[in-house]
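Note sheet for the following structure.
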Amino acid sequence: MSDTDYNFAYLDEQTKRMIRRAILKGVAVPGYQVPFASREMPMPYGWGTGGVQVSAACLTPEDTFKVIDQGADDTTNAVSIRKFFEKTAGVAVTEKTAEATIIQTRHRIPETPLTEDQILVYQVPIPEPLRFLEPRETETRKMHALEEYGLMHVKLYEDISRHGEIATAYAYPVKVEGRYVMDPSPIPKFDNPKLESAALQLFGAGREQRIYAVPPFTKVVSLDFEDHPFDPSKAPHPCALCGAEDTYLDEVITDDAGGRMFVCSDTDFCARRRGEAA
Amino acid sequence: MTPLLDVKSLTMTYGGRIGCTDVSFTLYPGEVLGIVGESGSGKSTLLNCLAGHLPPDRGEVIFDTRAGGPRDVLAMSEPERRMLGRTDWAFVHQNPRDGLRMRVSAGGNVGERLMAVGARHYGEIRGAALDWLDRVEIHESRIDDRPAAFSGGMQQRLQIARNLVTGPRLVFMDEPTGGLDVSVQARLLDLIRGLVRRMGLSAIVVTHDLAVVRLLADRLMVMKDGRVIETGLTDQVLDDPQAPYTQLLVSSVLQV
Ligand SMILES: [Zn+2]
């Protein structure tokens, strides 16, 4: 049972309704940043308060909840958020992607393809993709409203002129359903093709008070140039543990002598493959 | 011939104080109009009203649009006006910092307007940027440098390249040589005159510097206290000013 000091999933019902309205608006206008009144959460900004509020508004007692941080279920951040909802909502939790109905994530999309029965909730630090080149919020809002996105390509141009290629490796900008340019949160660009998904994808930015969404089967295109097409490149190694050749890899130090290896960043995916192979 | 710009009774007040009042004029394709006056004469207010940066109280600014023929810019929707601002119109600010992105390379600054209207080929965008840097006498080796590393004169030339790259049909210039050393001014002025002649640009140049309009402008409008007090061919107005104020203005520059 959940702790009786809290309403189910911590937030009061009125706040959850307010957040759900923002989510519904986000689903209706894919990629559009919907303002919402972010609440104080019992964790600091940068710890996923936006994602936590979105998860709280989506959770039902029947849900099975999974949290990943950089693909792993066992990091401090992931563990504390999972415990938070175990305590305040009493929901079942899992590390298995396929068993989860709601997955909150920081910086990754699971390797296992998601289904129509799942919701992926992203923690977003900076929701505005135009921010770095145009700091004025009034101006960036106008640019979204009028679909003036030339500046986004200026950023990519700068990348190529400086590095010879589009060096943006994380938070790679996308255009959603041919309309809004969106920051997919700091996932590696390797994950960008997975943004076209059967699952509902919700993005919550706590400090910046924005929610946005990519509904199931929405067209999501990574921005690029004709002569420098988008490339979701990956490290040229298979996973040292499971042998997968098509997953996003983390480099890990294995011993004091500086030995290192590349392994799947998605710990559940890697473990499941090893279980299957065994 | 249809005027490129037909301005009728343009009036703008700031809370009872007059910015500019009842200004009317026409500008024909290929013409450069100089607007001179002291600070406070209303010339900058007028320019900003024309360019859509300030909303005038009354009047019409009829522009001969490429697609739809003569249309009142003031009656356009904001998206239409902004589209005009990055395609057929250009605005050269006195301070290049107002017209450049200081954190973006010279090439990115020049390429932005191209990308804003849909250019998506990096090699072509870079080629156009190189061409334009050359035209404004900035060495190609500086293409990846940020404008912060440029001298004031170079920044101003970069701002001009950034504005002209999409081949605008009307260029607004606000004291384009202001704030620069005299020798730098002369070189910039020569460059602008060369571009104006070669490209057949139509332009409206606001300045307090009569040397600028003598070199650039075909026609002149003299403003005082928000009103146009004298208009005519540039040489005519400067050599044989009619209004007492213009006589004063001309004689004071001759004494310098
Ligand atoms: Zn693996």
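Just so it is clear: chains get the letters A, B, ... in the order the sequence lines come, proteins before strands, and each one is counted from 1.
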Interchain contact, [X] with chain B, by part (heavy-atom threshold 4.5 Å):
X: A/His228; answer: side chain
X: A/Leu223; answer: neither
X: A/Ile160; answer: both

Members of [range] whose heavy atoms come closer than 4.5 Å to chain A:
range: residues 107-117 of chain B; result: B/Gly107, B/Gly108, B/Glu112, B/Met115, B/Ala116
range: residues 83-100 of chain B; result: B/Arg86
range: residues 126-162 of chain B; result: B/Arg126, B/Ile143, B/Asp144, B/Arg146

B/Glu124 and A/Glu226: CA distance, side-chain angles, deciding distance, side-chain contact (heavy atoms from CB on, under 4.5 Å) verdict: CA-CA 10 Å; B/Glu124 287 170 12; A/Glu226 291 159 17; 5.6 Å; no
Residue B/Arg58 excluded, over 12 heavy atoms near CZ under 6.0 Å: no
NZ (A/Lys175) with more than 12 external heavy atoms under 6.0 Å: yes
Salt-bridge criterion met for A/Glu158 and B/Arg103 (N-O under 4.0 Å): no
Ion pair check, B/Arg82 and A/Glu147, cut-off under 4.0 Å: no
Geometric class of the A/Phe225/B/Tyr122 ring pair [parallel <30°, tilted 30-60°, perpendicular >60°]: perpendicular
A/Asp227 side-chain N/O to B/His121 backbone N/O, donor-acceptor pair under 3.5 Å: no
ring-ring contact (aromatic ring centres under 6.0 Å, His included) contacts touching residues 176-224 of chain A (sequence neighbours left out): A/Tyr32-A/Tyr180, A/Tyr122-A/Phe203, A/Phe190-A/Tyr248, A/Phe203-A/Tyr212
